[in-house]
Every structure is written in C-alpha cells, then in structure tokens.
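Worksheet for the structure shown next.
Below, chain A is the first sequence line, B the second, and so on; all start at residue 1. Computed over heavy atoms, backbone and side chain alike; hydrogens, waters and symmetry mates excluded. Small disclaimer: the values here were computed from a predicted structure and weren't measured.
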Amino acid sequence: MISARFCRRSVACLLGLFAHGVAFAASQGTLGTTSTGSVSIGASVPNRVQLSGLSDVAFTNQDPSVAAANAQNVCVWSNSSTKGYNITATGSGTANAFTLSNGAATVPYSVEWAGSSGQSSGTALSSGSALTGLTSTATNPTCSAGPGSSASLMVKISSASLQGMQAATSYTGTLTLVVAPE
Amino acid sequence: MTQIVAAQHHAATPMFVRRARGSRCPLSPGARFAGATSTATLALACLSLWASPAFADKARITGLADVAFGMIGNLQADAVRSQSLCLYSSASTNGYNVTASGTGPGGAFQLSSGSLSLPFEVQWSSSAGQSSGTQLSPNIPFTGQVSTATQQTCNSGPASTASLIVILRSNALTSATSGTYSGTVALIVAPE
C-alpha cells in the first residue's frame with residue numbers, strides 16, 4: 001500500500017491516493033518552490049421529495065347524468081436512488097373521508113393517481129393509505145427543468161353522487177396529498 | 001551547473017558578472033574596485049545573490065482543515081463552507097499562485113458516492129475571513145495573489161492570510177441522488 005508519508009512531494013501520488021479512496025485528513029504543505037496541501041470534503045444529501053404543480057378542482061354546472069372527472073398533471077420529485085415515492089391522500093370529510101360538503105349534506109368523490117403525466121385514469125386511492133412503489137421521472141424539484149410534470153391526479157364524482165346533490169348549491173372540500181421518498 | 005565568469009574590469013564600461021545562461025550581474029558604480037582581488041570578491045557576491053539555490057523563492061500553505069457539510073437540510077439553497085489559512089511566499093513581492101485539483105475526472109471538483117457524483121465550486125481569496133472569492137478552475141493556476149504572511153506558518157504576524165471557500169450549489173444538490181458524498185481538493189501554491 002502506498003503511504004501518504006511518501007507522497008508528500010508528489011501531487012500525482014497524492015491524487016492517486018485520493019482516487020483509490022484512501023481516507024485522508026487535511027494535509028499541510030511544506031516550504032518549497034511549490035507547496036501542496038489538501039482538504040477532504042464530505043456532504044450528505046438526505047432523502048427528499050417534493051409535490052408541486054397542483055391546481056384547484058372546480059366542477060360547475062355538472063350534468064347529473066354524466067360522471068364528473070378532472071385530471072391534472074403534477075410534479076413529483078424524489079431524490080432517492082430509485083426516484084421512488086409513495087403518496088397518501090386524505091379528505092376533509094369525517095375521518096378524512098373524500099367528501100364535499102354544503103354544510104348540511106355531503107357527497108363522496110374518488111381520487112386516482114398515476115405515476116406518469118397525461119393520464120385520465122389511475123390507481124384509486126384510499127384515504128390515509130399510502131400508494132407505494134411509484135417512481136418519478138422528475139429531475140428538478142418543481143419540474144422547472146426536465147419533464148414538466150411527472151404524475152397525474154384524477155378527481156371524480158360518480159353520476160349517482162351527482163344525482164344526490166342539491167341543485168344550485170356549492171359543495172366544497174379539501175384534498176390533502178402527502179408524498180414520501182422510498 | 002552555473003558558471004561564473006568575472007569580466008575584466010574596464011574603467012569606461014560597467015562591470016558585470018556573467019552567468020552561463022547569459023544573465024548579467026551588474027555592479028553598482030559605488031562598488032567598483034580596481035584590481036583582480038576586488039573583482040573576485042564582487043563576483044562571489046554576485047554568485048550568492050544570483051545563483052545560489054538557497055535564495056530560490058519558496059511558498060508554503062498551512063492551516064488547512066477538512067470541509068464537513070454534514071447533512072444538508074435545505075437542498076434548495078447553496079451550501080457554503082469557508083476557512084482561513086496561512087499562505088506564505090518568500091518572493092520579493094510576496095506573490096504567489098494557487099492551483100486546485102479535485103478527484104473528479106481530469107481533476108474536476110466532484111464529490112462521489114460510489115458511481116454517483118456531486119459537483120462543487122472552489123473559490124479563493126487572498127485575504128482571510130472571506131466567505132466568497134474568485135472561482136478556481138481545476139488545474140488552472142490562479143495568479144497574481146499576494147500574501148501578507150511574515151512567517152511561513154503564520155506563527156507570528158497575521159495568523160492567516162487567505163480564504164478557501166467550497167460551495168455546493170443548490171442546482172447540484174437538487175440534482176443529486178441522496179447519499180453520502182466525499183472527495184478531496186489538492187492545492188498547489190508557488191511563489192511568483
């Protein structure tokens with residue numbers, strides 16, 4: 001094994017040691033026509049994910065005989081080695097149910113997720129249960145570079161649910177999505 | 001080997017001591033003497049001033065410390081670490097240049113985690129206590145620097161005379177796969 005002790009005067013030797021992964025602490029230079037010192041640098045990048053590009057969903061003047069559906073492209077970024085992530089959705093209804101409310105009555109809706117953009121259908125989510133095994137193609141946390149979106153979110157209200165809603169009344173609710181790296 | 005030739009003294013022309021490569025050692029008018037003995041003495045004086053290796057300019061870099069970024073909490077902000085160090089130059093101007101090399105391909109400034117890489121920047125300032133400086137390019141000397149060190153390890157005089165700044169840019173951090181990265185920067189200084 002090459003010893004750092006015998007490398008003090010040779011930059012090539014020093015760099016050779018570095019390249020072979022020899023653990024190094026900072027080394028100080030000696031007085032000479034050239035003087036060489038070195039520092040080791042270390043950094044840890046933690047697992048991170050980011051969900052962005054979400055838009056509010058508005059169903060207006062829906063025909064009760066036709067199911068309502070809204071699909072949107074969103075950006076999910078993960079920096080794990082597999083670019084993997086999972087997603088958990090919760091609604092604002094009782095026990096986090098996916099329901100809209102007009103204050104007196106509620107109507108259910110469904111949520112679907114696809115791990116690629118441009119989809120109109122995906123895997124149905126259950127409130128509070130993580131959908132695992134997803135992979136992102138995003139190369140930037142907000143998709144400002146690389147692909148502009150990396151997943152699809154679908155919100156749907158069945159025809160039967162629409163037919164149970166009171167006309168000319170607004171129903172509102174909030175859907176919360178939590179992504180985590182895996 | 002350097003050869004010294006004592007030119008014959010002539011009253012109408014300056015006297016020089018010539019080195020083998022042709023550079024000349026002028027003698028000040030006040031130092032001219034007639035006679036072979038005086039000329040030989042002056043020639044030896046020029047030898048010590050112009051040709052002795054003991055007077056070659058030298059430099060030294062000390063006071064370096066490893067750079068530990070630790071776990072980087074915010075990947076969307078630049079991570080910066082700076083340190084003050086001692087740079088000494090014996091040149092008459094106290095001038096020096098610095099060349100940095102990393103452990104990436106071709107000396108690139110790159111940290112690695114297995115096959116993964118994380119680029120970083122290296123900056124240099126010729127004064128201590130700085131958090132920004134001039135960006136260095138791998139293997140390219142950064143010239144025209146001047147040290148205020150009066151002792152080769154800054155044991156007296158200013159305790160440090162330069163700053164080394166290492167930066168992990170946010171765009172590199174957000175492009176990096178999670179993991180633990182490491183690397184090395186070698187700094188070569190030379191008087192000038």
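Of all the listed residues (A/Gly146, A/Gly32, A/Ser35), the one sharing the greatest number of non-hydrogen pairs under 4.5 Å with chain B is A/Ser35. Of the listed residues (B/Ala190, B/Gly179, B/Ala79, B/Ala68), the one with the most heavy-atom contacts under 4.5 Å to chain A is B/Gly179. Ranked by heavy-atom pairs shorter than 4.5 Å toward chain A, the options B/Thr62, B/Leu64, B/Ile72, B/Thr177 are led by B/Leu64. When B/Pro191, B/Ser175, B/Ser182, B/Gly70 are compared by the number of non-hydrogen pairs under 4.5 Å with chain A, B/Gly70 comes out ahead.
For B/Leu111, the part lying near chain A is the side chain, with the backbone staying farther off; criterion is any non-hydrogen pair under 4.5 Å. Using a 4.5 Å cut-off between heavy atoms, A/Thr33 contacts chain B through both its backbone and its side chain. Interface remark: B/Tyr88 contributes side-chain atoms only to the contact with chain A (heavy atom separation under 4.5 Å). The parts of B/Leu187 that come within reach of chain A are both its backbone and its side chain, each placing non-hydrogen atoms under 4.5 angstrom from that chain. The contact between B/Leu118 and chain A is made entirely by side chain atoms (from C-beta outward), counting heavy-atom distances below 4.5 Å. For a residue to count as touching a neighbouring chain, one of its non-hydrogen atoms must lie under 4.5 Å from one of that chain's; by this rule B/Leu164 touches chain A with the side chain only. Heavy atoms of B/Leu168 lying under 4.5 Å from chain A belong exclusively to its side chain. For B/Val166, the part lying under 4.5 angstrom from a heavy atom of chain A is the side chain only.
The residue from B/Val122, B/Thr134, B/Asn97, B/Thr99 that alone fulfils the side-chain contact (heavy atoms from CB on, under 4.5 Å) condition with B/Phe142 is B/Thr134.
Within the 4.5 Å cutoff, no side-chain heavy atoms of A/Ile87 are placed close to those of A/Val178.
No single ILVMFWY cluster, assembled from side-chain heavy atoms under 4.5 Å apart, contains both A/Leu177 and A/Trp77.
Atom OG of B/Ser147 sits about 6.0 Å away from atom CG of B/Asn94, to the nearest 0.5 Å.
Without hydrogens or angle criteria, B/Gln110 side chain to B/Gly104 main chain gives no donor-acceptor distance under 3.5 Å. A donor-acceptor pair under 3.5 Å is formed between the side chain of A/Ser27 and the backbone N or O of A/Ser38.
A side-chain hydrogen bond (donor to acceptor under 3.5 Å, both in side chains) check over residues 155-167 of chain B, counting only residues at least two apart or in different chains, returns the pairs B/Thr153-B/Asn155.
Atom CG of B/Asn74 has more than 12 neighbouring heavy atoms from other residues, nucleotides or ligands inside a 6.0 Å radius.
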